[in-house]
Amino acid sequence: MSPRLSSPNLQLNEQGKLKHFLSLEGLKPHHLTEILDTAESFINPQTNEIRKVPLLRGKTIMNLFFEPSTRTLTTFEIAEKRLSADVLNLNISTSATKKGESLLDTLWNLESMQADMFVIRHAESGAAHFFARHVAPHVHVMNAGDGQHAHPTQAMLDMFTIRKLKGDIFDLKVAIVGDILHSRVARSQIQALSMLEAREIRVIGPKTLIPPFPEALGVHVYHDMKSGLEDVDVVIMLRLQSERMKGALLPSEKEYFNLYGLTEQRLAFAKPGAIVMHPGPINRGVEIDSAVADGAQSVILQQVTYGIAVRMAVMAIIMSNAAQLAQSQNETALADTLEKAEREAQ
Amino acid sequence: MTPIQDVNPLLDQLCNQIQQHPRFTSDIKMLGIRTGGEWIAQALHQRLGLSAPLGILDSSFYRDDFAHNGLPAEVQPSQIPWDLDSQNVFLVDDVLYTGRTTRAAMNELFDYGRPASIILVTLVDRKGCRELPIQPDICAMTLECNQAIKLHGPDPLTLSLIDPAETDL
């Protein structure tokens, strides 16, 4: 049986607050703005530095990466260390799973090593949900990318970058360009943009790389860059994910660049001052020209820095919610005991 | 709740004491602890005509009760608009009670640099409930521990005394 991807309450606790962070499905706009506002508070407004704070001192966070990653793993690790947590990176592809240990056995063993939070990246869609369903009640799960399903912290750091550099998302037209079909990033970005009520969400790409029913996502579809980029405030380029493509979806990378590569000429169709984003890693000369990637409108490296603050925010909020829930349960238990004692005394 | 007199005379008294402090010069650095301390610090900063801009400290990330209470609803970044190293810092809060807020604020301060000294200024000192060895250097009013107090502001700034019977819920 395939795991249900969107059981709505799995990532929320009984107070309706974040317990795990698995995908943006089932969340409310206030969950998103809370993350963006908290991330803001980690950044020094004068210097743009992200300070180290003692919030998660004594907590252990394990980064379980079943799929290779540099940027996401590194920014998660920095974020955890800036929160003063103890951090363990487990490169699962070279460890016990190779020796035949099942995913659940791996999970329970790691849990016994006193983990408080798992950050999981996996090539299978639904892997983070699977973990979240099986962890002990006090353990939290963060999705750092599962198959073609979701990459919610990437989407949140993109929203943060847009808000920080272009202002309220409500007023903005955003175009996502490239391989929408295989991209977990695009899926999460579209969810976030529509929850934050972006003025217009466009996707641009060849028919073979656009999902079959794009209207259901609430986006406008374009198949050419000129009309698609016209008047947009934000251009999000996606990486061409050749490793996920089965069959002949594209004639060649060169032809793709000729039609959909972001060059300075094409960027000129967008609004003056539009920003160019990319989740990385970038393929220069495939989806983006070097002149644009290194140009004045590119904010690709700022996205990486903001990714630290956003991941800190999500982890701090999850642990804060857990503390508040435990506190209220203690208070209820205490009130019950007092009430019972009173009744017995009468 | 009993409204108390205007805060202005108390602010005047704090200004006087600050000016008489041996470390006072016109270029001292002043820092208010969000939110009540920030209001008091703004008023003092204006009255004293200090040259350096006012700093604001939000010590929420440094509190020792995170594991019990989590984060407060709204946390904002601290703003320390000058280099802290070797400065005489007047740290301002509205009410000194257990001393834990002051501890958190000082911890945060030392993440920014090494001040030459920290002088603790509080509008009100609720004596007798301290949980840490922290005392104000400058203070306009003392209360007993069981007398809770609330500052309203920022404009106008008023203080009200909360009846001990009300706080003892």
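A note on names: the letters A, B, ... follow the listed sequences, proteins ahead of strands, and every chain is numbered from 1.
Within a 6.0 Å sphere centred on NE2 of B:H68, heavy atoms belonging to other residues, nucleotides or ligands number 12 at most.
Within the 4.5 angstrom heavy-atom criterion, atoms from both the backbone and the side chain of A:A316 approach chain B. If you measure heavy-atom distances from A:L56 to chain B, the contacts under 4.5 Å come from the side chain alone. Looking at A:K52, the atoms closer than 4.5 Å to chain B (heavy atoms on both sides) all sit in the backbone: N, CA, C or O. Only the backbone of B:Q76 comes within less than 4.5 Å of a heavy atom in chain A; its side chain stays farther off. Only the backbone of A:E40 comes within contact range of chain B, with at least one heavy atom under 4.5 Å from a heavy atom of that chain.
Put simply, the side chain of B:I119 does not reach to within 4.5 Å of the side chain of B:V89, judged on heavy atoms.
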Using the rule given for side-chain contact (heavy atoms from CB on, under 4.5 Å), can you reason through B:L44 versus B:V121, listing the C-alpha separation, both sets of side-chain angles and the distance that settles it, and then say yes or no?
CA-CA 10 Å; B:L44 294 176; B:V121 181; 4.3 Å; yes
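Between B:F90 and B:H21, the ring planes are perpendicular. Angles over 60° get that label, and only those under 30° would be called parallel.
Summarising the geometry of A:V310 relative to A:T153, their closest heavy-atom pair is CG1-O, 4.2 Å, with the distance given to 0.1 Å.
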